[in-house]
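To start, the structure under review is shown below, and the notes come after it.
Given the structure is predicted, the values throughout are model-derived calculations rather than measurements. To find a chain, count down the sequence lines: A is the first, B the second, and so on, and within it residues start at 1. Because only heavy atoms are used, hydrogens play no part in the values below, and waters and symmetry mates are left out as well, while side chains stay in.
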Number of protein chains: 2
Amino acid sequence: MITDLTDPGTDAHERIRTAAVLLFARQGYAATSIRDLGRAVNMTNAGIYHHVGSKEALLADLMRVAQQGLNSATERMLATAGGPSDRLALLIGSLTAVHACAPLTTSVMDGELRSLTPGSAARDEIIVLRDAYEAHWKRTLADGVAEGTFRVADQKLTRLALMSMCTGTSEWYRPDGDSTLEQVCAEFVTIGLAAVRAPVQVTTSPDFSLLPDLPWEPPDVQHDPRPDEARR
Amino acid sequence: MITDLTDPGTDAHERIRTAAVLLFARQGYAATSIRDLGRAVNMTNAGIYHHVGSKEALLADLMRVAQQGLNSATERMLATAGGPSDRLALLIGSLTAVHACAPLTTSVMDGELRSLTPGSAARDEIIVLRDAYEAHWKRTLADGVAEGTFRVADQKLTRLALMSMCTGTSEWYRPDGDSTLEQVCAEFVTIGLAAVRAPVQVTTSPDFSLLPDLPWEPPDVQHDPRPDEARR
DNA sequence: CCGAAACGACCGAACGTTCGGTAGGAACCA
DNA sequence: TGGTTCCTACCGAACGTTCGGTCGTTTCGG
C-alpha cells in the first residue's frame, strides 16, 4: 500500500492512482482537477499525462480494477459455499467487509459511474462487470426462493435493500469505532437472513483473506469525522 | 409541481430550482454549469443570476428547504406516535417513502453536502438540521433499548444500517416497478423491527399525506433505466 | 413610464490537454 | 574509456474551451 504520495521512490503510476482514489472519493471526480492530482503527488499537471491517457481513462481504470477485484473475490468465495443461506451470508458479509476495508475505492466504484461518457467502451465494460456481480445476488435469492428456504415479497426489492445496507458501510464505518468489522458483518448477515425469513443459523464471518485486493486504496489519511455527529 | 421547465408562464424562480434539482441529481453539482441550468429553462447564464445569488447559494437553498421539509414532516408524524416500535416504524416508513417519492431531491440532499464550502454558514446550518433529524433516530433507538423493547449490539451501527437501507431507495425505486410504495415501506419496517429484535407487530404505512412537500422535485422526466439491469 | 426580467458581451480564472524540451541514466560501439 | 544514442520521467509554457460571475442595455407588461 502506498503510504507517502509525494515520495518519488515509489512507483509514480501507483502513487497517481492512489491519489486519484483519495481525491475522487473525497471531492468527486468532476470537482477534482488534474492539477489537484499533480499537487498530491508532487508533479505538474503535464507530468500526470506521462502516466495516464486522460482523466476519464484514469477513472475508468480505477473502477474496472476495483469491480474486477470484487467479482473475482466473490466468485472465489462462492466456490466453497453450500446452500442459498450460506451463499447469501457470504454475499452480505463480503460486500460489507469490502466497503468497510476500502471505503474510498468502493465509493468511487459505487458513485462515479455517471462520470463516464455514456456509450463509451470503458463504461460499457464496467456495467457488464457490475451486472455480472449482481447476477450472483439474483441467482442466490432466486435459488433460495425456489427451494423454499427464503420467503420474500419481491426479490428485486429485497436484493436492492440488502445491497444498499452493505454498500452504505463505506460512508460510516471506522476501524477505531464502536464495532469491529466482524461484529458489523455478523450483524448485517443476521439482518439479511431475517429479511428473507431464512431459518436462523450460526453464521460465520467471511474469510477476510479471500477479500479482493484493491491496490490503490489510500491509507487512513481520511480521518475527517463522518456522518454521525459529523461535520463532514 | 413544475411540468414544463421551458414554459415562461410558470414562475422562473421555481423553474430554475426544479431544473437544478434535476441536473444536480443526474450529473452532480460540480458537473453542472450555470449554462446547463440556463439551457434547461431557456435562459442565458446571465438570466439565471437575476434569480439566484450564486451557484452555491442555489444548492444550499435546495438542500436547506429539503432538509427542513423532512425534519418538520418527521416531527409532525412523531407527535402522534406511541412507543419506540411505533416511532421506529414511522421513521423507517417515512424516510423510505420520501426517498421513493422524491428521489432527485433526496439524492441531492444526501450526496452534495461535500459541495458546500467547509465552514460556510449555509453548510453549517444544513448540518445542524441534519443532526436534528438524526437525533430522532438516536432517541428512538435509545428509548427502545432503555425500556427493553429493542435488543441491539450497537445502536450507531443499527441506525446507520437502517438509514442506508431507507436512503438507498432513491436509487432504485420506480413507481411503475414490481412493488408499490406501501409494499416497500411495509417490508422495510418489518426488516427494521427484526433488526432491533422488536416483538413482531402489525405495522401501518406512514400517513402519506403527512410527508414533506419537496417543492422542486421534477416530474418523472427521469425515466432512464436504473441500477438493476441498468445501463445507467 | 417604471420596474422586473432577460439579453449579449464580456471578465479573469481555471479547465483538460498538448507540445517542445531537458535531466539523468542505461546501452552500445569504438 | 569516451562518445553517441536512446529512453523514461518530468517540466514550463501554452493551446482552445469553459467556468462562475458581472455589466450595461433592451424588452415589455401593468
Side-chain angles (χ1 to χ4, degrees), chain A residues 2 4-24 26-63 108 112 114-118 120 122-123, chain B residues 2 4-24 26-63 108 112 114-118 120 122-123:
Chain A
I2 307 279
D4 182 3
L5 292 175
T6 65
D7 170 23
T10 48
D11 185 276
H13 194 272
E14 302 290 295
R15 280 188 293 131
I16 290 173
R17 267 144 186 87
T18 302
V21 168
L22 180 66
L23 295 178
F24 291 171
R26 279 209 205 168
Q27 325 175 12
Y29 170 81
T32 302
S33 71
I34 293 286
R35 286 166 176 86
D36 287 339
L37 267 175
R39 207 171 304 124
V41 297
N42 230 11
M43 225 180 258
T44 62
N45 55 329
I48 299 288
Y49 278 94
H50 182 74
H51 301 274
V52 146
S54 72
K55 191 189 173 192
E56 185 166 342
L58 170 59
L59 173 63
D61 216 35
L62 300 179
M63 293 184 64
V108 170
E112 295 291 2
R114 67 172 173 200
S115 301
L116 296 177
T117 306
S120 65
R123 186 187 135 116
Chain B
I2 307 282
D4 181 3
L5 292 175
T6 64
D7 170 24
T10 48
D11 185 59
H13 194 273
E14 303 290 296
R15 279 187 294 131
I16 289 172
R17 266 143 186 90
T18 302
V21 168
L22 180 65
L23 294 177
F24 291 171
R26 278 210 205 167
Q27 325 174 11
Y29 170 81
T32 302
S33 70
I34 292 288
R35 286 164 177 84
D36 286 339
L37 224 44
R39 207 172 303 121
V41 298
N42 230 11
M43 224 180 260
T44 63
N45 60 325
I48 300 287
Y49 279 97
H50 183 75
H51 302 274
V52 147
S54 72
K55 191 190 174 191
E56 185 166 342
L58 170 60
L59 174 63
D61 215 36
L62 300 178
M63 293 185 64
V108 170
E112 295 291 2
R114 68 173 173 199
S115 301
L116 296 176
T117 307
S120 65
R123 186 186 135 116

Between [X] ([atom1]) and [N] ([atom2]), how many Å, whole number?
X        : N       : atom1 : atom2 : value
Arg39(B) : dG20(D) : CZ    : P     : 11 Å
Asn42(B) : dA6(C)  : CG    : P     : 10 Å
Ile16(B) : dA4(C)  : CD1   : C1'   : 14 Å
Ile34(A) : dG16(D) : CD1   : P     : 20 Å
His13(A) : dT8(D)  : NE2   : P     : 14 Å
Leu37(A) : dA14(C) : CG    : P     : 17 Å

Please report the C-alpha distance between Leu37(B) and Leu58(B) in whole Å, then the side-chain angles of each, then the deciding distance to 0.1 Å, and finally whether the side-chain contact (heavy atoms from CB on, under 4.5 Å) criterion is met.
CA-CA 11 Å; Leu37(B) 224 44; Leu58(B) 170 60; 3.5 Å; yes

Side-chain atoms of Arg35(A) come closest, of dC10(D), dA6(C), dG16(C), to dG16(C)

Looking only at dA6(C), dG20(D), dT17(C), the nucleotide nearest the Ser54(A) side chain is dT17(C)

Please answer whether the main-chain N or O of [Y] pairs with a side-chain N or O of [X] as donor and acceptor at a distance below 3.5 Å.
X         : Y         : answer
Asp36(B)  : Ser33(B)  : yes
Glu112(A) : Leu59(A)  : no
Tyr29(B)  : Arg114(B) : no

Looking at every non-hydrogen atom in both residues, tell me the closest pair between Ser120(B) and Glu56(B) and how far apart they are.
OG-OE2, 4.3 Å

Smallest heavy-atom separation, Leu62(B) atom then Arg17(B) atom, equals CD2-CG, 3.5 Å

Specify the residues of residues 44-51 of chain B, ordered by number, for which at least one heavy atom lies under 4.0 angstrom from an atom of DNA chain D.
Asn45(B), Ala46(B), Tyr49(B)

